[in-house]
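Here the structure is laid out as structure tokens; the discussion comes afterwards.
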Amino acid sequence: QKEVEQDPGPLSVPEGAIVSLNCTYSNSAFQYFMWYRQYSRKGPELLMYTYSSGNKEDGRFTAQVDKSSKYISLFIRDSQPSDSATYLCASVTGTYKYIFGTGTRLKVLA
Amino acid sequence: GAGVSQSPRYKVAKRGQDVALRCDPISGHVSLFWYQQALGQGPEFLTYFQNEAQLDKSGLPSDRFFAERPEGSVSTLKIQRTQQEDSAVYLCASSATSGSRGETQYFGPGTRLLVL
């Protein structure tokens, strides 16, 4: 079992929909949780960064961490075709070694 | 520079050849990381440098993989006697200080290696 599990998709939604992307993790020592966006043939780009449990909002993006259920979520409101990409969740303990999920491919249809 | 840069962007090698992949981190960043991303997978940690010191190489898949950062800035990942299973995207990332406490890592565009 991987330490961070993520449904690979693909997930197709119409433009304007609310998108929910999810990950589960198994390591209770994880403290920091990240969402990266990766466009085709590009490097991962940091979207959201959360410490411990709770919500964090940035524009159309909301990240949620529930440490009691070891569940990480990213919500995208008013999705746009430009949001079409692979979304990677990552977790880390107090160190530097990021553990990534497999990534979920999202396609927003115009 | 403004971000992490990597070269070459694409590399095709014949099985058994040696390859060298270069990473230029964000100027002044202390920590540098190499990851391997197989097709359809997330990045997997290979190795970590703090300045010129390689503090963790636990993710390197075999002794054919070697990384260096001799002057604490540019890094090179070398793969000797390449095998088909080495085909992947190799990502470099850097962070401002020690990289600990989950410090943000900034990724380059990657080098796509194809071994025939």
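A note on names: the letters A, B, ... follow the listed sequences, proteins ahead of strands, and every chain is numbered from 1.
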Taking the side chain as C-beta and beyond, is there a heavy-atom pair between [X] and [Y] under 4.5 Å?
X: B:Arg69; Y: B:Pro25; value: yes
X: B:Tyr90; Y: B:Lys11; value: no
X: B:Gln36; Y: B:Leu77; value: no
X: A:Ser26; Y: A:Glu5; value: no
X: B:Leu32; Y: B:Cys23; value: yes

Between B:Leu60 and B:Val89, is there shared hydrophobic-cluster membership here, with clusters defined by ILVMFWY side-chain heavy atoms closer than 4.5 Å?
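Per the 4.5 Å side-chain linkage, B:Leu60 and B:Val89 are not co-clustered.
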* To do: Find out if a path of hydrophobic residues (ILVMFWY) with successive side-chain heavy-atom gaps under 4.5 Å connects B:Phe45 to B:Phe65.
  =>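 Different clusters: B:Phe45 never reaches B:Phe65 through Ile, Leu, Val, Met, Phe, Trp or Tyr contacts under 4.5 Å.
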Among B:Gln105, B:Gln6, B:Glu103, B:Arg112, which has the most heavy-atom pairs under 4.5 Å with chain A?
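Most heavy-atom pairs under 4.5 Å with chain A: B:Gln105.
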Option that, when pairs with chain A are counted at under 4.5 Å, heavy atom only, ranks first among B:Val4, B:Thr104, B:Leu91: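 The option with the most such pairs is B:Thr104.
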* Taking every heavy-atom pair that is under 4.5 Å apart, which of A:Lys2, A:Met34, A:Lys42, A:Lys97 has the most such pairs with chain B? ->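 Maximum pair count with chain B is reached by A:Lys97.
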Residue among A:Gln31, A:Gln6, A:Arg41, A:Gln38 with most heavy-atom pairs under 4.5 Å to chain B: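 Winner by heavy-atom pair count: A:Arg41.
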Next item on the list: Please list, in residue-number order, every residue in residues 100-110 of chain A that has a heavy atom less than 4.5 Å from any heavy atom of chain B; write 'none' if there are none.
Entry: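 Answer by number: A:Phe100, A:Gly101, A:Thr102.
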*Tell me whether the centres of the aromatic rings in B:Phe107 and B:Tyr35 are closer together than 6.0 Å.*
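Yes.
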* Quick one: do A:Glu57 and A:Arg77 satisfy side chain to side chain contact (heavy atoms under 4.5 Å, CB included)? Show the steps, please. => CA-CA 11 Å; A:Glu57 190 172 320; A:Arg77 289 181 298 281; 3.5 Å; yes
Side chain, backbone, both or neither of [X] within contact of chain B (heavy atoms, under 4.5 Å):
X: A:Tyr96; answer: both
X: A:Tyr49; answer: side chain
X: A:Tyr39; answer: neither
X: A:Pro44; answer: both

Subject >> Proximal component of B:Ser58, with respect to chain A [non-hydrogen, under 4.5 Å] >> reply: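 Side chain only.
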_Shortest non-hydrogen contact from A:Leu74 toward A:Trp35_ =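 Of all heavy-atom pairs spanning A:Leu74 and A:Trp35, the closest is CB-CE2, 3.5 Å.
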